[in-house]
Structure formats: structure tokens, C-alpha cells
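The model shown is predicted, which means the values in this text are computed figures rather than measured ones. Every chain is numbered from 1, with letters handed out A, B, ... down the list of sequences. Keep in mind that the numbers below use all heavy atoms, side chains included, and drop hydrogens, waters and symmetry copies.
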Amino acid sequence: MGRERLLHHATRRLLLLLPRSRGFSSSAGAAASSREPLHVCVVGSGPAGFYTADKMLKGHEEAQVDIIDRLPTPFGLVRSGVAPDHPETKIVVNQFSRVAANGRCSFYGNVTVGSDVSVSELQKIYDVVVLAYGAESDRSLGIPGEDLRGIHSAREFVWWYNGHPDMCNLAPDLQSTDSAVVLGQGNVALDVARILLRCTSELAATDIADYAFDALRGNTIRKVYLVGRRGPVQAACTAKELREILGLKNVRVCIKEADLVTSTADEEEIRNSRIQRRVYELLSKAATAHKGNISNDQKELHFVFFRRPIRFLPAEDGSTVDVVQLEKTCLKDGVAGKQVAVGTGEFEDLKCGLVLKSIGYKSLPVEGLPFDNYRGVVPNLKGRVLSSESENGTVESGLYVVGWLKRGPTGIVATNLHCAEETVAGILEDDKKGLFMGPGSKKQGRRGLLEILEQKNIRFVPLDGWEKIDSKEKTAGQLKNKPREKITTWDDLLMAAN
Amino acid sequence: MLSRISQFGARLLRENRAASYLPNSRSSYYRGQFSQHFAPAKNTLFSTTSNHDEDPQDKDKISVTFVNKDGTEQTISIPVGMSILEAAHENDIELEGACEGSLACSTCHVIVMDVKDYNKLEDPTDEENDMLDLAFGLTETSRLGCQVIAKPELDGMRVALPAATRNFAVDGFVPKPH
């Protein structure tokens, strides 16, 4: 990728050196130099934002892209979501760093859209505004006791061990119980279960936040339950993560053989989906492999299927969770791909002192942006923002959306690649149609943003500010044989950026 | 005189590069080498024969054609032992490689267009299959580009970059999406 850009710069310099003669029309140079710059603002610097910036720069020679993030650090969930023991998944930041270093791209950290600068202010200074700010909230169960101490969303727990400055003070209590219940069986659920169960010596050389490493070292949790409403065929995790957790050292995996029985609809789901088939096979193998291996110093991982939570009950202190009451479920409607869990009226209690809810993220609305509260996304058609989710919704000019805010909070890093390609295709199409031209439409772009930030006295973090943070983290990490020692508070991050 | 030296220099570089791409263990070969333009010379081969411009085609290099999403094609020459992901990047072909060859993503997914070529490849490992599970536009002859290593039997291979609306039949074979 760097090579492309090198060539582009070289060609430009060459064109500048060639004498411009009025009587002749020069070659491709003339077309490029007479086009106005296209000012693009991307809100959010995670994979969706960066893939959008990448495709935008490649797809439009005059695009000037500014990436804004409310954190001083870029990269979104690659930094704060991907587990510390999955460093290969973070390699993509190399590509994103090259995008940020492009001469036509600028990064502005510590700028919050919605409070520091509004969407409508951005629309006045940029031709194109792309919202890529993801999903920073959680779905809730809506059941009694959900506010008890000891119950957290998986997102909070993940942000905590990854050193996100909003969660550095979460202080989950990992020492007053031996049982943790994780609600949900997707990859995030597996991540949190794995971090709780892994020998901490295996975490020592990762970029896990130092306070989290200390807390995990002293943790008393010996049993982790992964609870799902439906069966193994519907489990939302994928093969790589499942394979990994089933192979953890010193962990006995408990899966009931009765749960593995499949219906006709299940069989059809397995036939239609390669992912489902391989996940089911892994779970089946694990059920038989671990039978009868009981050893006292082993930790336990229980896959609990066909159970949904009804309420949480407190301990004697009245404020900390002690029990999660579960209702047995069965699958109704026998239609492959649409099987729904319904309660059977049979209940059971599961004793636990820590509950992590991993039932899905949720996006937050921002003023000036239409929002579909039911689906938790910005209403859009292939990335072009619509004024509402109803049939009467019209396309909002110059406003686009990408990533989880567009599709809902599912998928992996690479899913955003194709999502960004779709949104950028829409932007380029609209540009060709002349939607960003017209009288009085000459936008200020970067200059306009800097003016606003100066007027409001916003201490933004430019790319070299992030590079200072990055360098300090790496240097501190080297002393402890870690890839980096994360800086985890707002104040420390802003100080390090200067 | 100057041109002779620069020709010799260019040949040195070419041979160094060809030599260092000897088949290595698949997973470690690619890691850490991606960001360098030239891999460090391991076994430097110097030829003392005459200074001709063409490299011997058959043994060290194979020809592979990439079919882009828009249908356009690019044929490149790949040294035996190099992955087609790395070769694609060296030739500015738009094949993504988010994890730089560490089997942690599916962005270098390619579709091998002739099933005969597909069958010449070693079976994917569990780790590659885990990543293929998640690949966009997966077909029955899909592989990860970082795991397809050039060897003489693959000379002439055609691979396609996946697209959402890909719909083609090559040599009578129609790949079915999973």
C-alpha cells in the first residue's frame, strides 16, 4: 500500500516540475489540478472509520479526509475490544496507521461529536460526513435485579481489562465468589470467559491493563458458565474462538450430551451453514472428550443451553448478586434459521457472584442524526442516511453511515471492509452526479474544523500526539516484556500526548 | 559503464529476492517480512554466466492471473515459494491483508477459478478453515491468499477477488456460495 502512495507523490512532483505552457493542454495533470478538493469527515476511528478513509483516499484523488474520535487514541475496538491474548487480530493497525499518515488524511482525537462539535456544524464545513462511531452501549435484559452489584455488561468488563479510560475504575470484584455466569454465547462471551479462566502467567506478556492483570492474578473464580437461550446449533460463537477455549490448560469443559440432540430444523441449519456445522462438531467432540476427567485443581467451563435468565437475587447484604434464576426453554416454530426459544415454566437457580451480560451492544443516538430506536442503528440505504426508518424517509444529502452504526453490532473487523466499500461507492456515485457541487457549496474542510476547535478551546490530539502516547506505551511495555503498557486514564493520556 | 553496473545491481537484487523466497514453514515465512520491500538475502546466488535480461521462467517463477472485482485482469510473475498475497502486494493488486499473513483474518480470500488448480493445493488446515468460515463471498474453491504458496504446478493459475455479486462460470465450473 505504501508503494502506491509513493508513486502518487512522485508523479505529482514531476508534474509540478514540467513547464506549463498555455497553448498546450497538459496530460492527466490538468484534470487532477482543476478539480476541487472533496472534504470528508469521518466520525470514529475504528475499523469502519479507517476502512472508509482508506477507500475514500484510493477512490478519489482530491479527497481530503479528517478522522475524528472522542478518545485521544485511535482504532476503536481494535484497541479496546480485541482481547489481549489475540495480538494477531490487532496487526491491522499497521494498515490503519499508514492511512492516517497519508498526506491527505488527518486525525483529531479527544473531539466528541455531539458535544464539542455538532453534526450540523460538520455538515457546514465538510462536503461529506460519514458517521462511524459504532455502538458504545448495551442491550439490557430488562429483568429484576439487573442493577445489583456484581452484574456488568461484557462491554464494560472488556473495556476494563483493555484499559479504556472510561472503565479503568470499574473494579469488578473477582475475589468474593468462585462462580461467574456469562449470559450469551457469542465471541465476546467466549472472550470474557477465557480471560477469567486463563492461567494468568499466559497473560503476563500481553497488553492487558496492569490493574486488570493484578486483579485476575488474585481471582477466586473457578467455575464459569456460558448460558444461552437456545441450543448448540444456534450458538453465535465461531470455530477459532471455540477451539481456543476448549483447549485451555487446566480447564474441564462440561457439556450435557442431552443438549446436543438435534431436531430436523437443527439439521437443516447445520446443512446450510458451514460455520454452524463446524461449531456444532467442536461442541459434540468436547462433550465426549471431557467426560469423567475430574481433577480438583482444574477450573470448570460449563456450556449451559436452553436456559434464559428471569431474575437476579441478592445475597444477604441485599445489594450484591448471589443467584441468577433461569427458566428452561425449548425451540418453537421449527423453521430453520428462525427457531425461537420459549419458556417451559421450569426454573432452576444458579449460584454466582459475578454476572457478565454479553447479549449485544447498542448504538447511541446523537443530536442531529436520525435514529431507529428499535434496531439501534441510523436509518440508511446502503450507507446513505435516511431521514427516518419509515417508507417516507428521504436521503439526507452529504450524510453517510458505516460499520455497526449502519448494520447493527455484529461481524468481525473484516466485515467493515465490505461495509466501507459499499458506503464509499455510494459517496463516489453521488460525487459523480454533482451532489456536492452547486452554488455556495464550497466547503472549508480541515480549516473550518480547526477554527471551531480553537473557538471552543478544544484540546484535540493530532496524529503525532497519538504517536507520543504509542511510543511511551511501547517503551514502558518493553521493561515488562509486554508489547505495550497501556496508559489508562484520561488525564495521563492527554498529558502523554503533549 | 554505468548502465552495466546498474544492470548488474538490478540482477543482484532480483536474484537475492528470488533466493530468499525458498519454501519455508508456511506460518513463520510471512510474518514480519511483509513491511519490508526486500527480504534480507539468505542464500545469495551469483551467476557467473552472461548478463542477460531474462530470468529463467520455468523453475523459479510462475505466472498467475488475478481477476479483479470489476472483471479486469492482471497477470504477474511470482517466485516459487512466495505467497500470492505477498506477490499481489508487490504488484499493487488490491488484495487486502489485514493480519499480514498470520491466519487471523479472511481479508486475503481469493477464489481459485479452475478446480484442477484448487486440487493441486494442500488441504487447508483447521486454522485456515476457521478463517474461511468468515470469508465474504465464500465458494467451494476459496482459499486464503497468504496460504497459497507458488509452486511450479500452479503455473497459469487464475484467481478471482471475491465480490458480492460475483456470478461467473469458468471452465464449466460454477462455484456455490456457502
Side-chain angles (χ1 to χ4, degrees), chain A residues 1-8 47 50-51 54-55 58-59 78 82-83 85-98 187 237-244 246-247 271-279 281-282 285 382 410-422 425, chain B residues 27-28 30-38 68-70 85-109 124-140 142 144-146 161-166 175-178:
Chain A
M1 307 297 159
R3 226 184 221 195
E4 268 180 54
R5 234 155 277 125
L6 221 58
L7 218 59
H8 182 71
F50 263 105
Y51 274 129
D54 193 9
K55 299 302 165 188
K58 287 198 176 114
V78 181
V82 175
D85 55 353
H86 287 172
E88 321 79 30
T89 310
K90 304 192 199 204
I91 291 176
V92 71
V93 306
N94 294 343
Q95 181 180 349
F96 295 162
S97 299
R98 289 193 291 273
N187 284 339
C237 56
T238 53
K240 173 179 182 242
E241 287 72 16
L242 189 53
R243 204 187 294 281
E244 184 183 13
L246 294 174
R271 268 199 308 275
N272 292 339
S273 164
R274 185 187 139 123
I275 295 182
Q276 238 79 329
R277 184 172 67 240
R278 297 178 79 241
V279 163
E281 273 166 16
L282 282 166
K285 272 196 220 133
K382 293 193 175 178
T410 58
I412 53 175
V413 171
T415 318
N416 294 293
L417 172 59
H418 308 290
C419 185
E421 282 175 347
E422 184 184 65
Chain B
S27 54
S28 60
Y30 197 71
R31 213 171 295 189
Q33 291 196 346
F34 176 69
S35 51
Q36 301 167 351
H37 282 285
F38 299 112
N68 293 313
K69 293 173 220 197
D70 57 6
L85 173 61
E86 182 155 4
H89 284 163
E90 299 227 330
N91 289 273
D92 288 335
I93 290 171
E94 287 217 19
L95 185 60
E96 298 271 342
C99 77
E100 297 177 4
S102 18
L103 276 178
C105 77
S106 56
T107 58
C108 69
H109 163 218
T125 57
D126 278 341
E127 288 70 32
E128 184 181 347
N129 270 324
D130 287 349
M131 292 302 106
L132 282 171
D133 278 353
L134 308 162
F136 183 77
L138 186 71
T139 69
E140 277 171 13
S142 284
L144 295 183
C146 64
L161 269 46
T165 52
R166 181 160 292 285
K176 289 193 289 289
H178 276 65

- Query: What part of A/Glu422 lies closer than 4.5 angstrom to a heavy atom of chain B: side chain, backbone, both or neither?
  - Reply: neither
- Roughly how far apart are A/Lys58 NZ and B/Glu94 CD, rounded to 0.5 Å? 5.0 Å
- Okay, B/Cys99 and chain A: the region with an atom under 4.5 Å from a heavy atom over there is both
- Query: For chain B, which of A/Glu241, A/Arg278, A/His86, A/Glu421 has the most heavy-atom pairs under 4.5 Å?
  - Reply: A/Arg278
- Does a side-chain heavy-atom distance below 4.5 Å link A/Tyr51 with B/Glu96? yes
- Message: Does this structure show an ion pair linking B/Asp133 with A/Lys240, if we count only N-O contacts that are shorter than 4.0 Å?
- Response: no
- Working to the nearest 0.5 Å, report the span between CZ of A/Arg274 and CG of B/Leu132. 5.0 Å
- Message: Any heavy-atom pair between the side chains of A/Val92 and B/Cys105 that's under 4.5 Å?
- Response: no
- Note on the structure: Okay, A/Ile275 and chain B: the region with an atom under 4.5 Å from a heavy atom over there is both
- With chain B, the option among A/Val93, A/Asn94, A/Val413, A/Thr238 that has the most non-hydrogen atom pairs under 4.5 Å is A/Asn94
